[in-house]
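Here is the naming used below: chain letters follow the sequence lines, and residue numbers restart at 1 for every chain.
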Protein chains: 2
Amino acid sequence: MTPAATAPSSRDLPHPAREEIRLEGVLHALSDPMRLRIVRDLAADSDELFSCSYFDLPVTKSTTTHHFRVLRESGVIRQTYRGTAKMNGLRRDDLDDLFPGLLDALLAAADRQSARLGTG
Amino acid sequence: MTPAATAPSSRDLPHPAREEIRLEGVLHALSDPMRLRIVRDLAADSDELFSCSYFDLPVTKSTTTHHFRVLRESGVIRQTYRGTAKMNGLRRDDLDDLFPGLLDALLAAADRQSARLGTG
DNA sequence: GCCGTACTACGATGCCTATCGTACGAGTCG
DNA sequence: CGACTCGTACGATAGGCATCGTAGTACGGC
């Protein structure tokens, strides 16, 4: 009965409402190198959704799951199931509404640091 | 032999050099509510220096010392002794040079959240 | 129905950290 | 010198968290 090719499955995941997103939580989520890297990758193609397995992180799958959950529960990303895959996208709309300019400043800062350190 | 009234004493404190400041460290430092509050207070009067005891935090002095050290070691604040007092100031110059616009975006986000939640 | 893939749940482990209390050092003022 | 203030150092404690491995669930295809 799947209505369309890209429809989310019945399973759904708990996300904080926009008003529940806390700055401290966002900063904490982004203070981990692995999670910052994920967010930068997501931001590189802001209109696309990426499955968890798209990211080739130097940690096990368990740990990857953990990081994606932290990002979701802090309100940084949105996750939806599509079949067996779990698609991830930045919550840019909500973050820009709550904290205008913050996400861009953070991403620019991360880019700048990467360029300076030659790490990406 | 104190050369002038506002001269720092002989004791000095280890600060990271500008190039050593890491974005992840800054975000981690600011992800603690107590430290975010300190930084917001410091930013309110950016040209002034404040002693540690100026901040009336709901924690003991030991804990306050700990938070100020985290802020200093992450490169967010600069600390200098002046007599028995330890003066604190934002490292706005260094942060603005490394991550242009980031500090302002963070402070604006914090202000916005405070206004929204009625917490300051 | 069966298998493979994608992700999760749970338990363990070791480290980090926010907090406290107490004891101490550095400076200032009488 | 002696007392007082400001902040530090150290130890303890409790909770959080990044990581792993293994076992399990959900979904899609054969």
Residues 49-64 of chain A vs salt bridge (Lys or Arg N to Asp or Glu O under 4.0 Å), sequence neighbours excluded, gives none
Note to self: Mind checking if S51(A) touches a base, just sugar-phosphate, or nothing, with heavy atoms under 4.0 Å?
What the structure shows: sugar-phosphate
- Query: Would one find a side-chain N or O of R69(B) under 4.0 angstrom from OP1 or OP2 of dG7(D)?
  - Reply: no
Could you go over nucleotides 20-24 of chain C and give all protein N or O partners under 3.5 Å, atom names and distances?
residue: dC20(C); atom: OP2; partner: T60(B); partner atom: N; Å: 2.8
residue: dC20(C); atom: OP2; partner: T60(B); partner atom: OG1; Å: 3.1
residue: dC20(C); atom: OP2; partner: T63(B); partner atom: OG1; Å: 2.9
residue: dG21(C); atom: N7; partner: S62(B); partner atom: OG; Å: 3.2
residue: dG21(C); atom: O6; partner: S62(B); partner atom: OG; Å: 2.9
residue: dT22(C); atom: O4; partner: S62(B); partner atom: OG; Å: 3.4

Whole-Å distance, H66(A) NE2 to dT22(D) P, equals 20 Å
Closest of dG27(C), dT19(D), dG28(D) to the M34(A) side chain is dT19(D)
Atom CG of L71(A) and atom P of dA18(D) are separated, to the nearest Å, by 10 Å
Return yes if some donor-acceptor pair links the side-chain N/O of S114(A) with the main-chain N/O of D111(A) below 3.5 Å, else return no.
no
Applying ring-ring contact (aromatic ring centres under 6.0 Å, His included) to F99(A) and not counting sequence neighbours gives none
Rounded to whole Å, the CZ-C1' distance (F68(B) to dT17(C)) equals 18 Å
### Phosphate OP1/OP2 of dT19(D) contacted by H67(A) side-chain N/O (<4.0 Å)
yes
For M87(B), the hydrophobic cluster (side chain heavy atoms closer than 4.5 Å, chained through members) also holds L49(B)
Residues at least two apart in sequence or cross-chain that pass salt bridge (charged side-chain N to carboxylate O under 4.0 Å, His left out) with R78(A), listed by chain then number, are D93(A), D94(A)
Just by distance, no angles: are the side chains of T65(B) and S62(B) close enough, under 3.5 Å, to form a donor-acceptor pair?
no
Separation of dC17(D) atom P from R35(A) atom CZ, nearest Å, is 8 Å
Side-chain contact check for S53(B): nearest option of dA18(D), dC7(C), dG7(D) is dG7(D)
Taken to the nearest whole Å, CZ/R82(A) to P/dC7(C) is 12 Å
When rounded to whole Å, the CD to P distance for the pair Q79(B) and dC6(D) reads 16 Å
In whole angstroms, the gap separating P of dC20(D) from CG of L57(A) amounts to 11 Å
In whole angstroms, the gap separating C1' of dA6(C) from CG of L13(A) amounts to 13 Å
Residue pairs passing the salt bridge (Lys or Arg N to Asp or Glu O under 4.0 Å) test with at least one member in residues 98-109 of chain B, sequence neighbours excluded, are R92(B)-D104(B)
